[in-house]
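In what follows, chains carry the letters A, B, and so on, assigned in the order in which the sequence lines appear, proteins first and then strands, with residues in each chain numbered from 1.
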Amino acid sequence: MSTNPYHIPMSIRVRFAPSPTGYLHIGGARTALFNWLYARHTGGTFVLRIEDTDDARNTQEAVDVILSSMRWLGLDWDEGPTTGDASAAPKGDLGPYFQSQRRDIYQSHIDKLLAADKAYEQDGAIKFRMTREPVIIPDMVCGDVNRKLTAREEADPDFVIVRSDGKPVFHLVNVIDDLEMGITHVIRGEDHLSNTSKHIQLFKALGAECPKYAHIPLILNGDGSKMSKRDRGASMTTYMEEGFVPEAVINYLCLLGWSPKDDRQKMNLQEVIDIFDLPQILRHNARFDMDKLVSLNGQYLAELDSETYRTLAENSLKQSGITLESFPTEYVQAAIDSTAGKLKQVSEIKDYAVFYFQNPEEVEWDAEASAKLLVMENHAPISALRDAFDALEPFNAESVQGAFKSTAKELGVKVGALVNPVRLACTGKTTGPSLYHLIEILGKDRVIGDINKALDRMQGNA
RNA sequence: GACCCUAUCGUCUAGUGGUCUAGGACACCGCCCUUUCACGGCGGUAACCCGGGUUCGAACCCCGGUAGGGUCGCCA
């Protein structure tokens with residue numbers, strides 16, 4: 001026995017054990033994250049195990065999605081599958097890491113339980129002789145939980161560990177794997193708390209010490225209801241497809257059910273690793289707030305290097321049906337660069353910058369703004385500006401800005417009086433990238449054409 | 001129905017008996033900055049679920065309600 005007063009094993013081993021029945025749920029992602037953080041904080045080992053015992057619901061695609069989601073989030077595992085192929089060589093010595101490959105291991109334990117009369121056969125299934133006493137569940141988040149029997153369990157506390165079709169059930173395989181894989185801390189969703197009494201008894205029957213438990217609260221919808229597949233934000237796939245910044249998603253997840261205890265919100269992973277620990281995990285469920293995630297995402301987006309930002313932006317633009325290939329590379333880059341630091345989500349870029357990639361006649365003016373800005377009294381000033389543009393050489397952001405200022409001064413109007421109608425003329429909107437830069441990118445011909453069209457409208461509105 | 005967990009602004013949270021006329025962030029509102037928007041800055045609205053105790057003193061401790069969530073499967 002060590003002299004360590006907390007009896008913390010030398011090497012901590014934790015695991016994330018998803019069942020491949022669909023995408024990676026945001027709650028699952030956070031469970032994975034908390035396990036990962038604990039492993040990294042303690043210098044321990046993070047194991048990924050695929051619990052694919054339900055052939056009716058498991059799919060290969062789901063396995064691949066889980067692995068790619070984990071990788072996207074940056075949650076690397078020290079042991080586990082290297083690919084979605086269950087027969088491929090894994091990383092780590094305690095595999096296989098797919099439960100579907102571990103039948104022999106389960107069978108030997110089942111035989112032992114049967115031989116010791118700790119389990120028995122009934123109707124072709126095998127049932128475990130469960131205690132009739134309450135079970136104390138020591139939990140690092142919830143404290144000691146005194147799990148009494150429910151009415152149903154009072155009637156028959158024993159439960160099935162092997163189905164009549166010969167397949168072992170979750171409770172059994174989960175415990176055997178944690179035992180065989182030397183898992184020291186089980187960090188999982190609170191939905192497993194009640195069932196932990198079964199697991200503790202199973203460990204005992206198998207002649208093993210049970211691991212330490214930490215049941216973390218669940219993530220609920222904004223209205224407090226349970227998050228299901230349909231709910232926006234529930235699937236990690238959404239974040240990958242919509243071009244979220246993985247660091248932002250991770251940062252947000254850290255703040256759900258855990259807190260650095262000071263006023264920090266935006267934290268990099270290393271900062272979190274340094275101070276993350278199990279006892280500070282909150283005990284109550286948290287509601288998912290897309291607004292806050294998006295806000296955080298905007299902060300990370302603004303800090304991205306231009307290369308990464310361009311890639312994200314290009315993908316988003318292509319996804320929304322814009323054929324970037326028909327534009328010069330420099331033009332596309334300049335257009336994208338003019339949106340940098342402006343968006344909270346890259347997926348907003350379509351609405352924000354679509355005018356760059358439309359034919360002038362496709363740009364639709366916002367009706368309300370058009371009625372307000374494209375009026376006859378703006379005709380003279382804007383045509384004066386048009387003439388100034390016409391004579392401008394070179395035609396760039398700097399010279400354009402000069403033309404705005406000098407024209408405004410000559411006419412005795414505010415720059416804004418010229419800026420707003422021109423922005424509408426060129427982009428169709430009242431918001432967007434820096435007008436001077438956008439005008440340079442669009443080029444003189446296009447801009448003068450847009451302005452002329454707006455001048456016609458002013459006369460038409462008269 | 002039984003059993004378990006939980007309860008601070010709309011949301012995420014800080015707070016572990018006095019320093020709380022309860023702090024921060026998102027969202028919202030106002031002002032400033034500004035070529036629009038966003039950013040940034042300043043300010044504002046907004047919370048201790050209810051009822052009993054314990055105590056000189058309770059958001060913090062205890063009990064009871066209530067509410068939300070979870071579990072009771074030959075699903076995981």
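- Tested against A/Lys127, the residues A/Asp117, A/Asp156, A/Asp158 include a single salt bridge (Lys or Arg N to Asp or Glu O under 4.0 Å) partner, A/Asp156.
- Across all strands shown, B/rU66 forms a Watson-Crick or G-U wobble pair, both distances under 3.5 Å, with B/rA7.
- Look at CD1 on A/Ile66: it is 15 Å from P on B/rA76, rounded to the nearest Å.
- A residue-by-residue look at A/Ala151 and A/Phe288 shows that A/Ala151 has its nearest nucleotide of RNA chain B further toward the 5' end.
- Between B/rC29 and B/rA38, the distance separating the two P atoms is 10 Å to the nearest Å.
- The distance from atom CG of A/Asp139 to atom P of B/rC4 is 15 Å, rounded to the nearest whole Å.
- Residue A/Ser259 is classed as a sugar-phosphate contact, given heavy-atom separations below 4.0 Å to backbone atoms only.
- The partner of B/rG73 is absent, by the rule that a Watson-Crick or G-U pair needs both atom distances under 3.5 Å.
- Separating the CE atom of A/Met227 from the P atom of B/rG70 is a distance of 13 Å, rounded to the nearest angstrom.
- Dashed line: the shortest gap from a side-chain N or O of A/Thr53 to OP1 or OP2 of B/rA76 is under 4.0 Å.
- At a threshold of 4.0 angstrom between heavy atoms, the contacts of A/Gly189 with the nucleic acid are absent.
- Atom P of B/rG18 sits at a distance of 50 Å from the matching atom of B/rA76, rounded to the whole Å.
- If you take NE2 of A/His192 and P of B/rC72, they are 10 Å apart, rounded to a whole angstrom.
- Residue A/Lys429 is out of contact with every strand shown, counting any heavy-atom pair closer than 4.0 Å.
- The aromatic rings of A/Tyr436 and A/Phe404 sit tilted relative to each other, their planes meeting at an angle between 30° and 60°.
- Remark: B/rA59 base-pairs with no nucleotide in the shown strands. Criterion, Watson-Crick or G-U wobble with two distances under 3.5 Å.
- For B/rC4, the OP1/OP2 oxygens have a side-chain nitrogen or oxygen of A/Lys148 closer than 4.0 Å.
- Aromatic ring centres of A/Phe389 and A/Phe395: separated by under 6.0 Å.
- Of the N and O atoms on the side chains of A/Arg13 and A/His185, not one donor lies less than 3.5 Å from an acceptor on the other residue.
- Judged by a 6.0 Å distance limit and a 45° cone about the ring axis, A/Arg30 is positioned over the six-membered ring of A/Phe34.
- Nucleotides B/rU8 and B/rC50 place their P atoms 11 Å apart, quoted to the nearest Å.
- The base of B/rU13 lies outside donor-acceptor range of the side chain of A/Lys292, with no N or O pair under 3.5 Å.
- Side-chain atoms of A/Ser434 come within donor-acceptor range of the base of B/rU35, with a qualifying N/O pair under 3.5 Å.
- Neither OP1 nor OP2 of B/rG69 sits under 4.0 Å from any side-chain N or O of A/Arg283.
- In this entry the distance linking CG of A/Asp366 with C1' of B/rU36 reads 13 Å, nearest Å.
- Scored by the side chain to side chain donor-acceptor pair (under 3.5 Å) test, A/Ser406 finds no partners at all (sequence neighbours excluded).
- Nucleic acid contact for A/Ser295: sugar-phosphate only, since backbone atoms but no base atoms lie under 4.0 Å from a heavy atom of the residue.
- For B/rC20, there is no paired base (Watson-Crick or G-U wobble, both distances below 3.5 Å).
- Distances shorter than 4.0 Å separate some side-chain N or O of A/Asn195 from OP1 or OP2 on B/rC72.
- Nucleic acid contact for A/Lys344: sugar-phosphate only, since backbone atoms but no base atoms lie under 4.0 Å from a heavy atom of the residue.
- Distance check on atom C1': B/rC28 versus B/rG10 gives 10 Å, rounded to whole Å.
- A/Asn146 comes within 4.0 angstrom of sugar-phosphate atoms only, judged by non-hydrogen atoms across all strands, and of no base.
- Looking at the side chain of A/Leu256, the nearest of the listed nucleotides B/rG24, B/rC12, B/rC4 is B/rC12.
- Within the structure, the side-chain hydrogen bond (donor to acceptor under 3.5 Å, both in side chains) test picks out the following pairs touching residues 417-434 of chain A (sequence neighbours left out): A/Ser434-A/His437.
- With rounding to whole Å, A/Glu440 atom CD is found 18 Å from B/rU35 atom P.
- Annotation: B/rU11 and B/rA46 have their P atoms spaced 16 Å apart (nearest Å).
- For the residue pair A/Asn251 / A/Glu247, no side-chain donor-acceptor distance below 3.5 Å is found, with atom types taken as modelled.
- Residue-level contact check: A/Gly432 touches the bases, meaning some heavy atom is under 4.0 Å from a base atom.
- Nearest-nucleotide positions on RNA chain B place A/Gln265 closer to the 5' end than the other of A/Gln265 and A/Asp54.
- Between A/Lys261 and B/rU16 there is no side-chain polar atom (N or O) within less than 4.0 angstrom of OP1 or OP2.
- Side chain A/Tyr252 to base B/rC12: no donor-acceptor pair is found below 3.5 Å.
- The CG atom of A/Leu296 sits 9 Å away from the P atom of B/rC26 (whole-angstrom rounding).
- OP1 or OP2 of B/rC12 has not a single side-chain nitrogen or oxygen of A/His284 nearer than 4.0 Å.
- Nucleic acid contact for A/Ala125: base, since at least one base atom lies under 4.0 Å from a heavy atom of the residue.
- Using Watson-Crick or G-U wobble geometry with both donor-acceptor distances under 3.5 Å, B/rC31 finds its partner in B/rG41.
- Using P as the reference atom, B/rA25 and B/rC5 are 35 Å apart when rounded to the nearest Å.
- Defined by atom type and a distance below 3.5 Å, a donor-acceptor pair is missing between the side-chain atoms of A/Thr238 and A/Tyr23.
- Between A/Leu282 atom CG and B/rA25 atom P there is a gap of 19 Å when expressed in whole angstrom units.
- Taking the C1' atom of each, B/rC61 and B/rC4 are spaced 22 Å apart, rounded to whole Å.
- Taking atom C1' in both B/rU6 and B/rC49, one finds a spacing of 12 Å when rounded to whole Å.
- For B/rC75, the OP1/OP2 oxygens have a side-chain nitrogen or oxygen of A/Arg163 closer than 4.0 Å.
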